[in-house]
Structure formats: structure tokens, C-alpha cells
There are 2 protein chains.
Amino acid sequence: MDREKQHEGQQDSRRLADLLTNDDVVYSATQIFDALSDFTRFQILSALMMGEKSVSELQIVCNVSQSAISHQLRLLRDRGLVTARRDGQRVIYSLADEHVATLICVGLEHAAEPERPSEE
Amino acid sequence: MDREKQHEGQQDSRRLADLLTNDDVVYSATQIFDALSDFTRFQILSALMMGEKSVSELQIVCNVSQSAISHQLRLLRDRGLVTARRDGQRVIYSLADEHVATLICVGLEHAAEPERPSEE
DNA sequence: TGAACACATGAACAGATGCTCATAAGTTGG
DNA sequence: CCAACTTATGAGCATCTGTTCATGTGTTCA
């Protein structure tokens, strides 16, 4: 009842301008986009969007070596995008941030649109 | 044919799953995120979000060499994210895709938010 | 205890990336 | 045409990145 998301009005562009002049915020944003800019990482994150998964499950999804998955998971962990918990021999990963799911959805929708100029 | 929004949730995740299995769409999405993952390119795109700008104007915003700006603009042009038109000696760039603006906004908002582990 | 399984990590390497320098190309006014 | 201005481009280079290989760590079960 206090703060609902109302994404309309011109106070938004005011806030936007503030964020754009904050280099730390901008850099932080680029880091998020960077996490999503790699094919393997994108597959990992989008797979986790469907629900938590072990490393070996992610390996099947991404079709790369277990080592490659682990390295990328480490990067995602370090950036706070995923969290890990042990379950016996396995380690279960899940998304740490709902924001990532939102970005994936938006990115996918836009990538799927025919408006894309593509090559001629 | 009027039952469009019965269960938007299910429909959405269905469509989402379809997109996620399409490697071309996924790759296309990663390319968009890649464009936003660099500090200079992010500055260019967010500056253009405020309105069209010439190369020299963008140079001031980004505080790097004119050559660096041009190189990045070429990349963004090749990926269809910006368009260019001549105006006398200058070349005016503008965003070719409003999707980019959406992503920038979402990314900035999320980057600016304090870490909130639990929600709902 | 030890073998098998699941995951993490360090080193190393090929390829990608983003910058600068130098210079070319396009435009306008003299 | 030429000079000044604006932008584009190619080469070179240092750095970053994502992968594989080999090995280390941690867990389960016989």
C-alpha cells in the first residue's frame, strides 16, 4: 500500500537522468548485462529461471564441459546472480535475483520480434 | 477466439520455453545484452535515449576519443541498434530500437536497487 | 577406509575486445 | 580547388574472456 510500481509519468525520466549520471550505477548495470551477454551464462540463468538445478543438470542444458559450467557459475556467484546450496554430493544452484529473470524475459521477447533488422 | 487471456502465466511460460529452445533467439538476445555490457556503448545508448546526438556530442558524454566513439557506433549500427543520418558535416545518431531503451531502464533500476534477498 | 561420484579450481591457450594512432572520406565556406 | 571541420576506417596492441586439461576438494556408500 506504500510503494507500488507506477512506471509512468515524468518523474521517472528525472530519476533516470539521476541514475545515468551515477557512474557506479551505470557500471553495475553493465555488469548485469555482461553476465547475460555470454551464450553459456545466458543458458545457465534462463535454465535456473525455470527452477533450481544441479551443476550436472546445467551441464546437460548448456552442452559444454563440467569445468566450463563451474567456471561460469563461479562468475555468477561472485556477482551475486546465483546462490548455491549443497544437497548430498550435488550442489544446487538457483537465481539470487528476480531482476535477472525480468531482463531475460525482456531480452528474449525483443530478440524474437520480427522488427529486428537482421542482415540482408 | 475470445479466450485470449485465460491464464497469462501459463501462456507466458509456454512462450518463454519456446524462445529458450530457439538458439537463434537466444543468441540474438545475448547480442543485445553484449551491446549494453560495455561502459562506453552503454553511455552512447543511454545518451541517445534522451534524444539524437552527433558523434562529437557523444564524444563529450563518453569522454573517450572520437575514434573510439566511431568504432563503437559502427558496432551498434551493424547490430541495428542505432541509425545515422547526415546533417551537413555532422552525422546524427539515434536509437533504432525502443527495446534498448526499455532494457536500459530496467537494468538501471535494478542496478540502483539495494540488495534485497527476500521479497513478496 | 577407499572407490566412485559431483563439483571446484588453477594454469594455459586461442580468440575476442576496446583502445590509440594515423589517415582516409565526406561536407562546407572561402 | 583548398582549408577547416567532422566522421569513418584500418592497423597494431594490450587486455580480457571462455574454454579445456589436469587436478584438488568434498560427499556417499560398500
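What you are looking at is a predicted structure, and each value in this text was computed from that prediction instead of being measured. Proteins come first, then strands; the chains are lettered A, B, ... in the order of their sequence lines, and each starts at number 1. Heavy-atom basis, side chains included; hydrogens, waters and symmetry copies ignored.
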(request) Answer yes if the side chains of A:Glu98 and A:Thr102 hold a donor-acceptor pair under 3.5 Å, and no otherwise. (result)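 No donor-acceptor contact under 3.5 Å links the two side chains.
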
Atom [atom1] of [X] and atom [atom2] of [N]: how far apart are they, to the nearest Å?
X       : N      : atom1 : atom2 : answer
A:Leu73 : D:dT25 : CG    : C1'   : 17 Å
B:Asp87 : D:dC5  : CG    : C1'   : 14 Å
B:Leu76 : D:dA8  : CG    : P     : 12 Å
B:Tyr93 : D:dT6  : OH    : P     : 15 Å
B:Leu75 : D:dG10 : CG    : C1'   : 16 Å
B:Arg90 : D:dC5  : CZ    : C1'   : 9 Å
A:Gln66 : D:dG24 : CD    : C1'   : 12 Å
A:Arg74 : D:dT25 : CZ    : P     : 15 Å

(message) Reading DNA chain D from 5' onward, which residue's closest nucleotide shows up sooner: B:Ala68 or A:Ile69?
(response)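 Here B:Ala68 is the residue nearer the 5' end.
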
(message) Nearest heavy atom decides the nucleotide; on that basis, is A:Gly88 or A:Asp38 closer to the 5' end of DNA chain D?
(response)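 The 5'-side residue here is A:Asp38.
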
(request) Hey, which sits more toward the 5' end of DNA chain C by its nearest nucleotide, A:Ser70 or B:His71? (result)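 Between the two, 5'-proximity favours A:Ser70.
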
(request) Name the closest nucleotide to the B:Gln89 side chain, picking from D:dA8, D:dG26, D:dC5. (result) D:dC5

(message) Checking contacts here: which listed nucleotide (D:dT20, D:dG26, D:dG10) is nearest the side-chain heavy atoms of A:Arg86?
(response)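 So the nucleotide nearest the side chain must be D:dG26.
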
(request) Check whether any side-chain heavy atom of B:Met49 sits under 4.5 Å from a side-chain heavy atom of A:Leu16, and report yes or no. (result) yes

(request) Report yes if some heavy atom in the side chain of A:Leu48 is under 4.5 Å from a heavy atom in the side chain of A:Leu58; otherwise report no. (result)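 In contact.
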
(request) If the plane angle is over 60° it's perpendicular, under 30° parallel, otherwise tilted; pick one for A:Phe33 and B:Phe33. (result)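 Parallel, since the angle between the ring planes stays under 30°.
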
(message) For A:His99 and B:His110, take the angle between the two ring planes, folded into 0 to 90°, and tell me which bin it lands in: parallel under 30, tilted 30 to 60, perpendicular over 60.
(response)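 Rings of A:His99 and B:His110: parallel, under 30°.
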
(request) Could you list where the contact with chain A starts and ends along DNA chain C, reading 5' to 3', using a 4.0 Å heavy-atom cut-off? (result) C:dC5 to C:dA11

(message) Tell me every residue that passes side-chain contact (heavy atoms from CB on, under 4.5 Å) with B:Arg74, counting only those two or more places apart in sequence or in another chain.
(response) B:Arg77, B:Asp78

(request) Please determine if a side-chain N or O atom of A:Arg41 lies less than 4.0 Å away from the OP1 or OP2 oxygen of D:dG18. (result)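 Checking A:Arg41 against D:dG18: at least one side-chain N or O falls below 4.0 Å of OP1 or OP2.
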
(request) Ignoring backbone atoms, establish whether A:Ser65 has a side-chain N or O less than 4.0 Å from OP1 or OP2 of D:dT20. (result) yes

(message) Between the base of D:dT9 and the side chain of B:Ser67, is one N or O donor paired with an acceptor at under 3.5 angstrom?
(response) yes

(request) Take A:Arg15 and B:Glu109 through the test salt bridge (charged side-chain N to carboxylate O under 4.0 Å, His left out) and record every step on the way to the result. (result) CA-CA 9 Å; A:Arg15 167 166 172 71; B:Glu109 288 291 342; 3.1 Å; yes

